[in-house]
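Step one of this worksheet: look at the structure below.
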2 protein chains.
Amino acid sequence: MIQQPASKPYHHGDLESALLVAALDLIAKGGLDALSLRAAARLVGVSHAAVYRHFPKKEHLVARIAQEGFIRLAAAMEMAAAQVAPDAVARMVATGLAYVDFAQAHPHHLRLMFGAPLGRPGDFPDMERAGQAARAVLDTRVDELREAGVFATQDPEVVAMAAWGQAHGLAMLLISGQLRSGANLRDLAEKALTLAWLRDPLVPR
Amino acid sequence: MIQQPASKPYHHGDLESALLVAALDLIAKGGLDALSLRAAARLVGVSHAAVYRHFPKKEHLVARIAQEGFIRLAAAMEMAAAQVAPDAVARMVATGLAYVDFAQAHPHHLRLMFGAPLGRPGDFPDMERAGQAARAVLDTRVDELREAGVFATQDPEVVAMAAWGQAHGLAMLLISGQLRSGANLRDLAEKALTLAWLRDPLVPR
DNA sequence: ACCTGAACACCGTTCAAGT
DNA sequence: ACCTGAACACCGTTCAAGT
């Protein structure tokens with residue numbers, strides 16, 4: 001058990017982590033508009049100026065939130081694939097469905113992760129690495145498909161692009177408000193993912 | 001020729017359209033963060049309070065901008081398909097590519113269109129209609145594929161979902177900053193779109 | 001090294017008042 | 001009917017000053 005200090009100390013201890021947690025809470029409850037440095041500072045119980053010791057600009061906190069999102073998205077995709085039989089198509093569909101489920105569970109977080117590019121390339125290397133790690137999960141699925149003979153004659157980079165585009169597009173659409181909400185969207189997304197990777201034998205080509 | 005009034009009148013005349021144009025300009029030049037009612041009013045040359053005669057909340061201006069975006073996206077997709085041979089797959093690929101081109105030309109506008117849902121369903125019917133019209137263009141492509149025997153045995157709703165997801169995902173990814181910018185992304189997107197609709201004969205299913 | 005309070009230039013939104 | 005100016009409660013950011 002970690003001992004809580006009896007009296008509030010002048011220094012917070014782990015202000016950076018506390019601000020991240022507060023920011024995730026603000027986004028989850030109020031969307032991206034509710035994210036402000038001042039509100040996060042208020043939640044943590046520190047003056048708004050203290051934030052600038054850890055995040056020199058709001059952009060830096062946003063990058064940290066995005067990084068955390070990519071870490072969680074990658075973990076969710078890996079866990080989903082691990083719980084599925086070794087069939088390559090089933091694993092790809094499960095991974096894409098995990099992407100869709102992440103979107104429905106954390107719509108604002110996902111939108112933040114894929115919003116306008118932050119800074120210039122290289123400005124937030126930790127975030128970029130986390131993003132690449134998430135992409136790598138899908139790349140592994142593409143490799144597995146290839147070994148199973150699916151799209152084996154195609155450029156792997158193109159297949160990876162199609163895979164990421166498919167999963168990302170379905171995920172973003174489901175949280176966009178552009179779909180009539182009557183249908184079972186998760187089920188529809190799963191069928192669309194299956195369609196994308198299950199080849200149709202009736203095509204005249 | 002439309003005559004400009006010699007002296008600035010007290011009433012603007014077409015303030016709503018002028019604010020829309022100003023807002024599109026703000027977004028194109030400075031991204032979504034640069035969009036504010038006050039800046040738009042400033043561009044048009046009117047007090048910031050005047051905006052509220054036409055848009056009771058910022059949300060209403062955003063909805064108008066999104067509506068305009070869907071109208072332009074639908075037009076771009078229709079134009080692209082019209083310039084392509086009657087082959088159903090080629091028309092679908094051209095339509096998806098028009099989606100991708102729209103994203104690269106107007107990244108902030110597209111992000112606004114697919115951001116957090118605005119209000120409750122029914123709050124902005126004009127925007128919803130414009131969104132449905134854009135989707136209808138892709139639905140027409142799915143119908144054409146069906147007539148050509150492509151995915152003819154599948155649920156059209158599922159095929160449409162896969163089509164929209166594919167085009168939307170590629171478009172959003174290209175403007176997300178998550179892709180290494182070294183590659184020719186438009187070319188990669190075109191190949192991914194082709195892959196999605198050109199059935200691979202080597203699949204063991 | 002880390003935090004605070006006050007300050008500045010921005011927002012969205014409201015409202016009494018003007019034309 | 002439409003627009004203005006002042007006001008309010010918020011922002012992000014800076015900075016001298018405190019511990």
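To find a chain, count down the sequence lines: A is the first, B the second, and so on, and within it residues start at 1.
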For [X] and [N], give me the distance from atom [atom1] to atom [atom2], rounded to whole Å.
{"X": "A:Glu16", "N": "C:dA1", "atom1": "CD", "atom2": "C1'", "value": "15 Å"}
{"X": "A:Asp33", "N": "D:dC11", "atom1": "CG", "atom2": "C1'", "value": "12 Å"}
{"X": "A:Arg38", "N": "C:dA6", "atom1": "CZ", "atom2": "C1'", "value": "11 Å"}
{"X": "B:Leu37", "N": "C:dT14", "atom1": "CG", "atom2": "P", "value": "11 Å"}
{"X": "B:Leu35", "N": "C:dC11", "atom1": "CG", "atom2": "C1'", "value": "12 Å"}

Please list every donor-acceptor pair under 3.5 Å in which a side-chain atom of residues 108-128 of chain B meets a protein atom from a residue at least two apart or in another chain.
{"from": "B:His108", "atom 1": "ND1", "to": "B:Arg111", "atom 2": "NH2", "distance (Å)": "3.3"}
{"from": "B:His109", "atom 1": "NE2", "to": "B:Ile65", "atom 2": "O", "distance (Å)": "2.8"}
{"from": "B:His109", "atom 1": "NE2", "to": "B:Gly69", "atom 2": "N", "distance (Å)": "3.4"}
{"from": "B:Arg111", "atom 1": "NH1", "to": "B:Ile175", "atom 2": "O", "distance (Å)": "2.9"}
{"from": "B:Asp123", "atom 1": "OD2", "to": "B:Arg120", "atom 2": "N", "distance (Å)": "2.7"}
{"from": "B:Asp126", "atom 1": "OD1", "to": "B:Arg129", "atom 2": "NH2", "distance (Å)": "2.9"}
{"from": "B:Glu128", "atom 1": "OE2", "to": "B:Gly122", "atom 2": "N", "distance (Å)": "2.8"}

Can you list the residues that meet the side-chain hydrogen bond (donor to acceptor under 3.5 Å, both in side chains) rule with B:Arg135, with sequence neighbours excluded?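 Expected list: none.
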
Here DNA chain D, pairs taken as Watson-Crick or G-U under 3.5 Å and shown with ( ), [ ] when crossing and | when to another strand, reads ||.|||||...|||||.||

Mind checking side-chain contact (heavy atoms from CB on, under 4.5 Å) for A:Ala94 and listing every partner two or more places apart, or none if nothing turns up?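 By the side-chain contact (heavy atoms from CB on, under 4.5 Å) rule, A:Ala94 matches A:Val84.
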
With sequence neighbours excluded, tell me which residues meet side-chain contact (heavy atoms from CB on, under 4.5 Å) with B:Arg53.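 For B:Arg53, no residue satisfies side-chain contact (heavy atoms from CB on, under 4.5 Å) once neighbours in sequence are set aside.
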
Interface with DNA chain C, restricted to residues 117-125 of chain B and to heavy atoms under 4.0 Å: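 Per residue number, the list is empty: none.
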
When you check the phosphate oxygens OP1 and OP2 of D:dC11, does a side-chain N or O of A:Arg42 lie under 4.0 Å from one of them?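 Answer is yes, contact under 4.0 Å.
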
Tell me whether the side-chain N/O atoms of B:Ser36 come closer than 4.0 Å to OP1 or OP2 in C:dC11.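 So the side chain of B:Ser36 is within the cut-off, an N or O lying under 4.0 Å from OP1 or OP2 of C:dC11.
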
For the residue pair B:Asp143 / B:Thr140, report whether a side-chain donor-acceptor contact shorter than 3.5 Å exists.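 The criterion, which ignores hydrogens and geometry beyond distance, is not satisfied for B:Asp143 and B:Thr140.
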
Dump the intermediate steps for side chain to side chain contact (heavy atoms under 4.5 Å, CB included) on A:Gln132 and A:Phe70, then the final yes or no. CA-CA 9 Å; A:Gln132 285 158 13; A:Phe70 287 121; over 6 Å; no

Of residues 24-32 of chain A, the positions that come close to DNA chain D - non-hydrogen atoms, cut-off under 4.0 Å: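 Those residues: none at all.
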
Do any of residues 48-63 of chain B sit with a heavy atom less than 4.0 Å from DNA chain D, and if so which?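 Residues of residues 48-63 of chain B that come under 4.0 Å of DNA chain D are, in numerical order, B:His48, B:Ala49, B:Ala50, B:Arg53, B:His54.
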
Residues two or more places apart in sequence or in another chain: which of them pass ring-ring contact (aromatic ring centres under 6.0 Å, His included) with B:His106?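 For B:His106, the residues satisfying ring-ring contact (aromatic ring centres under 6.0 Å, His included) (neighbours in sequence not counted) are B:Phe102.
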
Side chains of B:Met92 and B:Glu144 in contact at under 4.5 Å (non-hydrogen atoms):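 Side-chain contact under 4.5 Å: no.
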
Looking at A:Leu170 and A:Val100, what are the two nearest heavy atoms and their distance?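 Taking every non-hydrogen atom into account, CB-CG2, 4.1 Å.
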
Kindly list each side-chain donor-acceptor pair under 3.5 angstrom involving residues 26-51 of chain A, sequence neighbours excluded, with atom names and distances?
{"from": "A:Lys29", "atom 1": "NZ", "to": "A:Asp25", "atom 2": "OD1", "distance (Å)": "3.3"}
{"from": "A:Lys29", "atom 1": "NZ", "to": "A:Asp25", "atom 2": "OD2", "distance (Å)": "3.2"}
{"from": "A:Ser36", "atom 1": "OG", "to": "A:Ala39", "atom 2": "N", "distance (Å)": "2.9"}
{"from": "A:Ser47", "atom 1": "OG", "to": "A:Ala49", "atom 2": "N", "distance (Å)": "3.4"}
{"from": "A:Ser47", "atom 1": "OG", "to": "A:Ala50", "atom 2": "N", "distance (Å)": "3.4"}

Ion pair B:Asp187/B:Lys191, N-O distance below 4.0 Å: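 Yes, charged N to carboxylate O under 4.0 Å.
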
For residues 92-105 of chain A, which residue pairs qualify under side chain to side chain donor-acceptor pair (under 3.5 Å), counting only residues two or more places apart or in two chains?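 Sorted pair list: A:Thr95-A:Arg141, A:Tyr99-A:Trp164, A:Tyr99-A:His168, A:Asp101-A:Arg186.
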
By salt bridge (charged side-chain N to carboxylate O under 4.0 Å, His left out) - contacts of A:Lys58 (at least two apart):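 So A:Lys58 forms no salt bridge (charged side-chain N to carboxylate O under 4.0 Å, His left out) with any residue.
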
